[in-house]
Amino acid sequence: MKTLIIYGSKHGCSEKCAIKLSEKLNFKTDVFNVKHKKNIDFKSYDKVIIGGSIYIGNIQKEVKKFCLDNIEILKEKKIGLYICSMSDGEKAEELIKTSFPEELISRAISKAYFGGELILNKMNLFEKFIIKKVTKLDEDTSNIRDNNIARLAETFNRI
């Protein structure tokens, strides 16, 4: 059987993390952006990892819709969940809980926070303005947590 990693990404951080995660898994893995993959044959997957990035406190609506539209099928799979966000600690834990349906959170084998990135040249003018105003940053920054990616992969490699 195979593993599916399905993610939502606006500026590429969740995609980058999904690819890093797939490289650490010891079995055949398909990686898809939820925006570009509409029809998934879930029969060929026994494990599904779902992730997305957080903007203004919410995961992408496509990720939420994917989870809700496929909740019954997903509840039959071994599930992993991750978010990408510049928040960490307790705030990141809370964001995981509010980003996915409770039915998936309660069944998830692993839940993880992978960190985030702010890459200014990938943002529109409004996003740049807000980021610079709120964070006081004038340059790109990344806090991707490779150890958290590895930990989720290790958990899935054991099951």
Determine, using the 4.5 Å side-chain heavy-atom cutoff (strictly less than), whether Ile54 and Phe66 are members of one ILVMFWY cluster.
-> yes
Approximate separation, where rounding is to 0.5 Å, of Ile109 CD1 and Arg158 CZ = 10.5 Å
Heavy-atom side-chain contact between Ser110 and Leu81 under 4.5 Å = no
Please confirm whether the backbone N or O of Gly8 pairs with a side-chain atom of Ser14, one donor and one acceptor, at under 3.5 Å?
-> yes
Validation row: Ser53, Ile59 side chains within 4.5 angstrom (heavy atoms) | no
Would you say Lys111's side chain and Tyr82's backbone share a donor-acceptor pair under 3.5 angstrom?
-> no
Could you give the distance from CD1 (Ile96) to CD1 (Ile83), rounded to the nearest 0.5 Å?
-> 4.5 Å
So, does Thr155 use its side chain to make a donor-acceptor pair with the main chain of Arg151 at under 3.5 Å?
-> yes
Mind checking whether Ile5 and Leu21 have side chains closer than 4.5 Å, heavy atoms only?
-> yes
Give a yes or no on whether Lys24 atom NZ has more than 12 heavy-atom contacts from other residues, nucleotides or ligands under 6.0 Å away.
-> no
Please report the closest heavy-atom contact between Gly51 and Val63, naming both atoms and the distance.
-> O-CG2, 3.8 Å
Heavy-atom side-chain proximity of Asn157 to Leu25 below 4.5 angstrom | yes
What heavy-atom pair brings Ser22 and Val31 nearest, and what distance separates the two atoms?
-> CB-CG2, 3.6 Å
Is it the case that more than 12 heavy atoms not belonging to Lys2 sit under 6.0 Å from its NZ atom?
-> yes
Is there side-chain contact between Leu4 and Thr29, with heavy atoms separated by less than 4.5 Å?
-> no
Distance-minimising heavy-atom pair for Asn33 and Ser9 | ND2-O, 4.3 Å
The reported gap from CG in Asp46 to NZ in Lys43 (rounded to nearest 0.5 angstrom) is 15.0 Å
Side-chain donor/acceptor of Glu62 to backbone N/O of Lys35, under 3.5 Å | no
Calculate, to the nearest 0.5 Å, the distance between atoms OG and CD belonging to Ser99 and Gln60 respectively.
-> 9.0 Å
Is any side-chain heavy atom of Arg145 closer than 4.5 Å to a side-chain heavy atom of Asp88?
-> yes
Between Lys75 and Glu72, is the closest basic N to carboxylate O distance under 4.0 Å?
-> yes
Please confirm whether the backbone N or O of Phe42 pairs with a side-chain atom of Lys77, one donor and one acceptor, at under 3.5 Å?
-> yes
Under 3.5 Å donor-acceptor, Tyr113 side chain and Ser85 backbone = yes
In terms of heavy-atom contacts, Cys17 and Ile144 come closest through SG-CG2, 4.0 Å
Does the cation-pi check pass for Lys47 over Phe27, that is, NZ or CZ under 6.0 Å from the six-membered ring centre and within 45° of its axis?
-> yes
State, to 0.1 Å, how close Phe156 and Gly80 come at their nearest heavy-atom pair, and which atoms those are.
-> CZ-N, 3.3 Å
Would you please test Ile40 and Ile6 for side chain to side chain contact (heavy atoms under 4.5 Å, CB included) and show each step?
-> CA-CA 10 Å; Ile40 296 172; Ile6 189 102; 3.7 Å; yes
